[in-house]
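Every number for a ligand or one of its atoms is a count from 1 in the order of the listing. Numbers here are sequence positions counted from 1. Computed over heavy atoms, backbone and side chain alike; hydrogens, waters and symmetry mates excluded.
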Amino acid sequence: MSFSKDKSTLKNPFKPLTPKSASGKGKLPQGQKTLANFFTTNASNKPLETKNDSVLNSSLERSQSFFTPPNNSAKSSLFLKKSNSSLDAFDQNDGMESDLIEIPAANNLKNSKPIGSLIPSRQTSRTSVVSATKALLLDNLRQSQSQKSSQPKKRINPWINNPINVKNPRLSQKERKEFVMPTGQSGITLSKEQEHVLELILKDRLSVFYTGSAGTGKSVLLRELVDRLKMLYGAKTVAVTASTGLAAVNIGGLTINRFSGCGIAKGSKEDAFRAASKSPENREKWRRTKVLIIDEVSMLDGAFLDKLEYVARQMMKNNKPFGGIQLVLTGDFFQLPPVPDRNGPPIKFCFESQCWNTVINKTILLQKVFRQTDLTFINLLNALRVGEINGEIESEFKKLAREVKYDDGIQPSELYPTRNEVDNSNRTRLNQLKTSQKVYHAEDHFSNERQKSLLEQTLAPKELILKEDAQVMMLKNKDETLVNGSMGKVITFLSMNVYLIIKERLRQNRSTWSELQHELRILSRCHGCDNIPEEAIEFSKKSQLGEDEFIELAKSAIHGTESLPLVQFTCKGQQRIELVERDEFLASESRSNDPTAASRRQIPLVLSWALSIHKSQGQTLDRVKVDLNKIFEAGQVYVALSRAVSKDRLQVLNFQKHKIMTNPRVKDFYKSLGSV
Ligand SMILES: Nc1ncnc2c1ncn2[C@@H]1O[C@H](COP(=O)(O)OP(=O)(O)OP(=O)(O)O)[C@@H](O)[C@H]1O
């Protein structure tokens, strides 16, 4: 490394850059975007853009346009609908949704009321909340009640600007009666059928199993439900669990095995109770539980559910079903089944458990599919779900073998049944790149070997190897458009200080993206060097940023903090560039407020040329390629193909009718619900 300029003649790299150097650049050719356009600080300023002019999208656009830009000084996190007329317009569209199917279980305690009578005020029930303290909730209630004649309320987006702060905001009995829960989650307005499920659980206090095909919004509904239940009863009384570690991580909960204290519960129900009651903390946890939520219930063994039911009655010293605990189960039994135990008895689905009919008061089928909007595609997926593939449907799927070309260079996620195939595919693709590489080692915090091994279940890898041009997927929700599952491409690696200068600089600059990508890569090479590399000095003479400015940036890059991946994401059809910082991943059995929680700090990205079908369950993927050659499990093909948002962005290789496996017991169960 050498200097071609005397250090003393160089400007102070830490001095803010002046706009002066931005001047003098030629105008952009027509239609070309400046790089500054790609850097978005607040995606919520833009309405959602979708190609389909469907009822759903137009509803979404309308509801999106009601948001005002974030406002820090506002009383945080309350979203309110703008006016009655817009609500009416929305409701008309709602009328086009398919009818609710509600299946009373054999012993239903109550019949549910008609939707209209369950929702006293359409206006308040359509208001939105993401997080709020008790005071804010009541404030919202008062405001919304006096809102009809007043000004439209300002909305702010707490996901972006405000920390979420739900500290056990319990409402009193009286307050609860008055309180009509608002809806939230990054601007998503729940559909009638989703709201109906909430009403059954929150108002009628029924134990509910809600199901529905892939993409019907079960997870969206669950997240909303968890927020609301915690607000109503207090966080500690709501047990949020899932059948697998991965699913538990997705909803910020524990595995049901861990929550219950039963462990793997291979023995009798009495053994399970003995294990669970060993620790006083565990007994206390059970006794304060009012609601138990279990997600991805298709993967939960029915025999385990029976043991749990017994444990609950013993713990609560109450002989009512589940010891009087309200139960909320969700999942789709046509998706992945429980993992069989080679040495144990054959698996049972939960609906085959002895307690099922006693503990579930209501079963609800969500019918409206949100993930896809093309009705033909939805029908094809439904045929796949129930395994009814006639010649016509088979030929439709076979047509999807064609290659799909994407003009932004981001390749589709390849889905494979086995982890080995996934690792091989990603490794091969990474090795093919001859670009710069960076290795990120996870920063793990744990207090024992068990916690250490649990950390390996988090989505974030212990060692993440990235290269420029590598295809990656985001693992965290950042705001409305950059979410878990967003796909992108690594541009280069920059330290935060250089990124901030460049970001500011590019707001005033009219250079195009293709012109600057190379400059950023050269700046990236300066990181950690003793002196400015020759290559950078040479390049500075033709830099779009101007020679002096480029040299200043190069000096900043030398002294920069950790070099982080700069990623170009495609979010809801728009390009967006972000420097991705480390984030925290809790082990599945840890709680965020527990100081002894096991956690991993890692860059929230994974290579995403390939994913396992198992990991893809629960995800919405923008572009998908599936090879059905090695499929071995019922539900696998359905899970894989139903991740795609449209047929146009799905490639299916080796589609053969005989590969589509559906469990006949699952089919019979759904037939008994009248849905097949
Ligand atoms: N009420 C709604 N309005 C608009 N979009 C919604 C709504 N509910 C869900 N969605 C969207 O539909 C997509 C699928 O939702 P979600 O993942 O909750 O479905 P799911 O039933 O859990 O699917 P799966 O069974 O495949 O895991 C997501 O992109 C989500 O944002």
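The N/O atoms of Q617, backbone and side chain alike, include none that comes under 3.5 Å of an N/O atom in ligand 1. Checked against a 3.5 angstrom limit, the closest N/O atoms of V220 and ligand 1 fall inside it. Between G215 and ligand 1, at least one N/O pair is under 3.5 Å apart.
Below 4.0 Å from some heavy atom of I188 lie the following atoms of ligand 1, by number and element: 1 (N), 2 (C), 3 (N), 7 (C), 31 (O). Applying the 4.0 Å criterion to heavy atoms of T216 picks out, from ligand 1, the atoms 19 (O), 21 (O).
Taking a cutoff of 4.0 Å between a charged side-chain nitrogen and a carboxylate oxygen, E195 and K192 do not qualify as a salt bridge.
Residues K625 and V404 fail the side-chain proximity criterion, which asks for heavy atoms closer than 4.5 Å.
Looking at R643 against ligand 1, only its side chain comes within 4.0 Å, counting heavy atoms. Counting heavy atoms closer than 4.0 Å to ligand 1, residue T189 contributes backbone atoms (N, CA, C, O) but none from C-beta onward. Neither the backbone nor the side chain of Q619 has a heavy atom within less than 4.0 Å of ligand 1.
At least one heavy atom of Q335 lies less than 4.0 angstrom from ligand 1. Residue contacts with ligand 1 do not include D332, since none of its heavy atoms lies under 4.0 Å from the ligand.
Between the side chains of S425 and E414, at least one donor N or O lies within less than 3.5 Å of an accepting N or O.
Checking each of I613, V422, L611 against Y416 for a side-chain contact (heavy atoms from CB on, under 4.5 Å) leaves exactly one that passes, namely V422.
Under the 6.0 Å distance and 45° angle rule, R665 does not count as a cation-pi partner of F349. For the pair K368 and F370, the distance from NZ or CZ to the six-membered ring centre is under 6.0 Å and the angle to the ring normal is within 45 degrees.
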Could you give me the CA-CA distance, side-chain angles and deciding distance for R385 and D332, then say whether salt bridge (charged side-chain N to carboxylate O under 4.0 Å, His left out) is met? CA-CA 10 Å; R385 180 169 183 257; D332 175 16; 2.7 Å; yes

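Here atom 16 (P) of ligand 1 lies nearest to G217 when heavy atoms of A214, S642, G217, S191 are compared.
The two residues T211 and Y670 come nearest to each other via the heavy atoms OG1-OH, 2.7 Å.
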